[in-house]
Undergrad: 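Just passing along the structure, written as structure tokens.
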There are 2 protein chains.
Amino acid sequence: MSEKRKQIIEAATKSFSLFGYKATTMDQVAKMANVGKGTIYTFFKSKEELLEDIVSSIISEIKREADAAIDHRLSFNENVQRALQRIFTFRKEHELTIKLLQEVRDIGTPAVRDVMKRLDREMIAYVREKIEEAMAKGEIRSCDPELTAFLMFKMYIALNVDWEKEHEPLPQQKIAELFDLYLLKGLSRR
Amino acid sequence: MSEKRKQIIEAATKSFSLFGYKATTMDQVAKMANVGKGTIYTFFKSKEELLEDIVSSIISEIKREADAAIDHRLSFNENVQRALQRIFTFRKEHELTIKLLQEVRDIGTPAVRDVMKRLDREMIAYVREKIEEAMAKGEIRSCDPELTAFLMFKMYIALNVDWEKEHEPLPQQKIAELFDLYLLKGLSRR
DNA sequence: AAATGACCAAAATGTTCATTTAGTCATAAA
DNA sequence: TTTATGACTAAATGAACATTTTGGTCATTT
């Protein structure tokens, strides 16, 4: 990949993380990347596409990390937990996702809203794949994979994000227990 | 209760349902209720308190309906389902709650946001009570009632509201099955 | 052929000011 | 006296206009 392109991505990532999407100007990005503004437009057709490309890399990175957390000697239940835990730890600790989620909450910038929705959808699709694999192998009983992945994801959001709005945060250990108790026990083969 | 007070409540409820909280003026309410504007302030200390009072009645009404859905000859699982189903049917069909939830989404009026948050909190508290009763009777195994009620509520929101944003709505029958399969099976005594 | 920054239309932002509105209170009705 | 009222006020809102900023283009330079 072109060196300039890399500089631009790096500068934009830094600026989006620091100031958010809306507050980042293309002049700003050009200056930080040490390129002319026009150069940005030889690699990306708009500011929005620049954001989309960056978030696509983030998505790949998250999937890579989730995959790395999976250990094929462990059960489906344990692995789906480990993967979801990695996904949500990333969301909570990665500067860019923190800032963009804030921006959606506080300003509601449409471009950012869309891109974060895509991130959620892709994470659900990722979980769905794992479920389909486990079903094919007979590790779990048959179920609607889309619906199951959706519920797992929503439950993780409830435990990791929503609960903290009105209560003490739950430790990861506790979240894992609850997820297992409430969601997986009902799903595993008898 | 004073006749005038009743007229005011009725007029305000109608106007909030029709135009929303922000777009309703106190002059409007006074005119619809056939009272002078000052009269409203002999019963309610502010527009916000008027809304709060109305929502308090709504909350009572929902609890009453949920209670009516409960049949003590049935199991805890069945009853908690029936109660939650009534609660969410109400949310989805009652003009005022529809309009107020819209207003929170589209405008984010703080007074309305707060009052709808209270509604959620009270519904969770209601479910929590049912869980505590069932635990005391030994109908379900021991668990954190607040956390369990919270998860049940979130799961119902996921199935009733969130799922529809990107998929075909689920019939109530299917929602009941899923709730039972995923959440309750893990909780019931073995 | 690749990179640039001056340039432009359009969008965002700041400013002003007339209108609207929540809430008060002196007065009137009961 | 008690209850009800609507004219009134201070604050909030938003329409209209001026100014600035910014995403994106393209003629020029390297």
Side-chain angles (χ1 to χ4, degrees), chain A residues 1-55 99-100 102-115, chain B residues 1-55 99-100 103-104 106-115:
Chain A
M1 180 180 5
S2 146
E3 183 56 36
K4 293 221 181 281
R5 189 190 149 95
K6 212 175 285 176
Q7 286 166 240
I8 293 163
I9 290 265
E10 201 174 312
T13 304
K14 193 169 283 175
S15 182
F16 289 156
S17 302
L18 222 49
F19 311 114
Y21 176 77
K22 196 169 181 239
T24 292
T25 71
M26 294 303 259
D27 278 309
Q28 165 99 274
V29 173
K31 200 158 280 176
M32 283 174 72
N34 276 95
V35 297
K37 184 157 62 146
T39 309
I40 300 176
Y41 287 87
T42 65
F43 293 104
F44 306 92
K45 80 171 201 295
S46 67
K47 184 184 179 184
E48 197 164 337
E49 203 195 79
L50 179 55
L51 174 68
E52 280 162 8
D53 273 29
I54 289 172
V55 170
K99 193 71 187 183
L100 294 180
Q102 263 180 23
E103 190 167 343
V104 174
R105 268 206 317 103
D106 301 344
I107 327 188
T109 322
V112 182
R113 209 175 42 78
D114 291 352
V115 100
Chain B
M1 180 178 5
S2 147
E3 184 55 36
K4 292 220 180 278
R5 188 189 149 96
K6 212 174 283 178
Q7 286 166 238
I8 292 164
I9 289 266
E10 202 174 311
T13 304
K14 194 170 281 176
S15 183
F16 289 158
S17 300
L18 223 48
F19 310 115
Y21 175 78
K22 193 167 183 243
T24 292
T25 71
M26 293 304 259
D27 277 308
Q28 166 100 271
V29 173
K31 199 159 280 173
M32 284 176 71
N34 276 95
V35 297
K37 185 157 63 143
T39 310
I40 300 177
Y41 288 89
T42 65
F43 294 105
F44 307 93
K45 81 170 199 295
S46 68
K47 185 183 179 184
E48 196 164 338
E49 202 195 80
L50 178 56
L51 174 68
E52 281 162 8
D53 272 31
I54 289 172
V55 170
K99 193 71 186 181
L100 293 181
E103 189 167 343
V104 174
D106 302 343
I107 326 186
T109 323
V112 182
R113 209 175 42 77
D114 290 353
V115 100

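Letters A, B, ... are given to chains in the order of the sequence lines, protein chains preceding strands, and every chain is numbered from 1.
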Undergrad: Between B/Leu51 (CG) and C/dA22 (C1'), how many Å, whole number?
TA: 15 Å
Undergrad: Rounded to whole angstroms, how far apart are CD on B/Glu48 and C1' on C/dG23?
TA: 14 Å
Undergrad: Check the distance between C/dA11's P and A/Tyr21's OH and give it to me in whole angstrom.
TA: 14 Å
Undergrad: Locate the shortest heavy-atom distance separating A/Tyr41 from A/Met26; write the atom from each residue and the value.
TA: OH-CE, 3.4 Å
Undergrad: Please answer whether the main-chain N or O of A/Lys22 pairs with a side-chain N or O of A/Glu103 as donor and acceptor at a distance below 3.5 Å.
TA: yes
Undergrad: If the cut-off is 4.0 Å, is B/Lys31 near the phosphate of C/dT21, judged by side-chain N/O to OP1 or OP2?
TA: no
Undergrad: Could you state the CD-P distance from B/Glu3 to D/dT3, rounded to the nearest angstrom?
TA: 16 Å
Undergrad: Can you tell me how far C1' of D/dT21 sits from NZ of A/Lys47, to the nearest Å?
TA: 11 Å
Undergrad: Without decimals, in angstroms, what is the distance between A/Ile8 CD1 and D/dG24 C1'?
TA: 14 Å
Undergrad: Tell me: CE of A/Met26 to P of C/dA12, nearest whole Å?
TA: 15 Å
Undergrad: So if I define the base as every atom that isn't primed, P, OP1 or OP2, how would nucleotides 3-8 of chain C read as a B/S/- string at a heavy-atom cutoff under 4.0 Å?
TA: SBB---
Undergrad: B/Lys22 has an atom NZ; how far is it from atom C1' of D/dT13, in whole Å?
TA: 8 Å
Undergrad: For B/Thr24, is there any backbone N or O sitting under 3.5 Å from a side-chain donor or acceptor partner on B/Ser15?
TA: no
Undergrad: With rounding to the nearest 0.5 Å, note down the distance linking CG in B/Asp27 to NZ in B/Lys37.
TA: 4.0 Å
Undergrad: Is B/Lys4 positioned over the aromatic face of B/Phe43, cation under 6.0 angstrom from the ring centre and no more than 45 degrees off axis?
TA: no
Undergrad: Report, as yes or no, whether the 6.0 Å neighbourhood of atom CD on B/Glu10 holds more than 12 heavy atoms from other residues, nucleotides or ligands.
TA: no
